[in-house]
Amino acid sequence: MTTPIPQNFVQTIAKERGVTDAELETVFMALDGQSTATIATKLGISDIAVRKRLGEVYKKFQIAGNGPGKLSELRHQLLFSYHTEQGSIDFSQGKGSLFNMPILSVGAAPVGAGFANGRRQEDWGQAPDVAVFYGRTEELTTLKQWIVSDNCRVVALLGLAGSGKTTLSVQLAKQVQHEFDFVIWRSLRSTPTASDFLTSLIQLFANPQKSDLPIDFNSKISRLVEYLRQQRCLIILDDFEAVLKPEELAGHYREGCEGYRDLIVRLCEVNHQSCVVLVSAEEPTEMALLAGEKVRFLKPAISEEIARDIFKEKGLSAQDREWEILLARYGGNLLAIKIVATTIHEFFEGNVVKFLEATALFIEEHISNLLAQQFDRMSNSEQEIAYWLAIAQSPISLASLREQMLVNSSLSDLLKNLDSLGRRFLIEKISESGQTVFRLQPLIVQYVSERLVEQIQAEVLETVKTQGIERMWLLKTHNLSRSVAQQKESKEDRSRSIVELVTNRLQVLFLKTVGSEEPLNILTKVASGLEDKSMLEVGYARENLAQIILGIRR
């Protein structure tokens, strides 16, 4: 057993970083496990002053981020330095040592290389605490088979935001962690460059001093692969979609993050004994090409079992028909199911039927924000297709979609856009009556419909204001009367068309302000001025305005 790290060693390292005596005194007390309130009382300063001093220390050690993980990172940087000087490190230091907190706790970064003294090294980063986990037995069995028995090098866990991917990956890591020397969790939400990310990973396995780090990016990948060959490591990369570029077709990388493609390709193709798990709401383009014996991906399925468990925890129950409606409305979005269960419990006296009768498709603000982030990542051409699918309100064939779109894009471009929407897990491709048809995920239908209605309403109001069609876009490009869903559904299940939703809102708005006659007269005048215009000039504007005027007059 080695002696604890001497304080004079810590003082020397701290002074080299420009840490003041006051900051050093504060950080010693924090490393000893004392709270900021205790430190503030002992030093006679405020809590804010304590946090400010610690913040300065973290800056001087180049430690970024939020939360208690920064103190753990500082602790292990110091341990790294001491280990480098001494040549070894004892992980069994006695209680009362300055470094008596567990080195391998959640939020901490492991130090040294190898399976130190037979102890597994873990760094869970910002992984969420999964206190309660429902179902997913089949998925867990499959993933464990791939990772432990089949020795897959890369496994991608893919699906729409809110589908439970992160929770599933945490549970998976807990169940297989004993098979690995290193377990490392990282979120890419802050979009680090591939080079910086590689540097941070390499520092977990080796001497972190700059002189020991490769400078060339490809050399960094080679160094990481070398470690992954020497030791069996499990690396989970959550929020992988954050390094992918928005507002273009799915699967392409942000500027500065292109190196992730080379990293993923190397990890897939080069032989090593470790496994990297990618958790993403968007599939990288290279994954489909690399899929094979050692590279696989899984999309969590819709699970009635999990939905029932969530409801049961809230003391709720539902009949089979009610479950059918709930799953049809919310699909496999477990976050939405959790929010719905809470809403039924708190606002509908636990009565599922009352909730279903009162809400066509309820989307809480948090879910809406998640969906907005997904929608805003789409390219303009993907958004155009999403609007058409929302208008249709039912599965639509490739031929029908091409026929309805005002600008007839090439079949190749249309297929690329549909493939991209599939990579984002926003649409489903199904077989119906012997042909392939496409539809939006249930929650996406509601979100896109709401967004479409708001934009159409804004365009109509702008038309009334300017008495012209110059600022129209959607009214020209999308035929709002093309909904076919209402012809197929029963009366109680029928969703209102986009035109109905728009006209109902405009009726209320006009009645609250100027009355309906004046704006209707203006819209009628504008519509009549379009009668001699070609489709090329005005698109669907004439037909859409006629439908809206008719709807408001009813």
Have [X] and [Y] got a donor and an acceptor in their side chains that come within less than 3.5 Å?
| X | Y | value |
| --- | --- | --- |
| Asp150 | Gln145 | yes |
| Asn333 | Ser163 | no |
| Glu226 | Gln230 | yes |
| Lys220 | Ser195 | yes |
| Ser410 | Asp413 | yes |
| Glu23 | Thr26 | no |
| Thr199 | Asp196 | no |

Got a sec, which residues hit side-chain hydrogen bond (donor to acceptor under 3.5 Å, both in side chains) with [X], two or more places apart in sequence or on another chain?
| X | answer |
| --- | --- |
| Ser222 | Arg266 |
| Arg261 | none |
| Ser449 | none |
| Asp262 | none |

Thr142: partners by side chain to side chain contact (heavy atoms under 4.5 Å, CB included), with sequence neighbours left out: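 Result, side chain to side chain contact (heavy atoms under 4.5 Å, CB included) vs Thr142: Trp146, Leu298.
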Side chain to side chain contact (heavy atoms under 4.5 Å, CB included) partners of Ala161, counting only residues at least two apart: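 Ala161 satisfies side chain to side chain contact (heavy atoms under 4.5 Å, CB included) with Gln374 once adjacent residues are dropped.
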Report all side-chain donor-acceptor pairs from residues 241-248 shorter than 3.5 Å, counting only partners two or more places apart or in another chain.
unit_1 : atom_1 : unit_2 : atom_2 : d
Glu241 : OE1    : Ala281 : N      : 3.0
Lys245 : NZ     : Glu248 : OE2    : 3.3

Straight-line distance of Thr477 OG1 to Gln404 CD, nearest 0.5 Å: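 Rounded to the nearest 0.5 Å, the OG1-CD separation comes out at 12.5 Å.
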Point-to-point distance, once rounded to the nearest 0.5 Å, from NE2 of His252 to OG1 of Thr285: 5.5 Å
Contact check, side chains of Tyr330 and Pro442, non-hydrogen atoms, under 4.5 Å: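 Counting from C-beta outward, Tyr330 and Pro442 never come under 4.5 Å.
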Note, Leu237 side chain near Val277 side chain (heavy atom, < 4.5 Å):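 No, too far: nothing below the 4.5 Å cut-off.
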Residues forming a ring pair (Phe, Tyr, Trp, His ring centres under 6.0 Å) with Tyr387, sequence neighbours excluded: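 Ring pair (Phe, Tyr, Trp, His ring centres under 6.0 Å) list for Tyr387, sorted by chain: Phe375, His478.
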With sequence neighbours excluded, tell me which residues meet salt bridge (charged side-chain N to carboxylate O under 4.0 Å, His left out) with [X].
| X | answer |
| --- | --- |
| Glu286 | none |
| Arg153 | none |
| Arg254 | none |
| Glu454 | none |

Pair Glu282 + Arg377, salt bridge at N-O below 4.0 Å: yes
Neighbour count >12 (heavy atoms, 6.0 Å) for atom CZ, Arg189: no
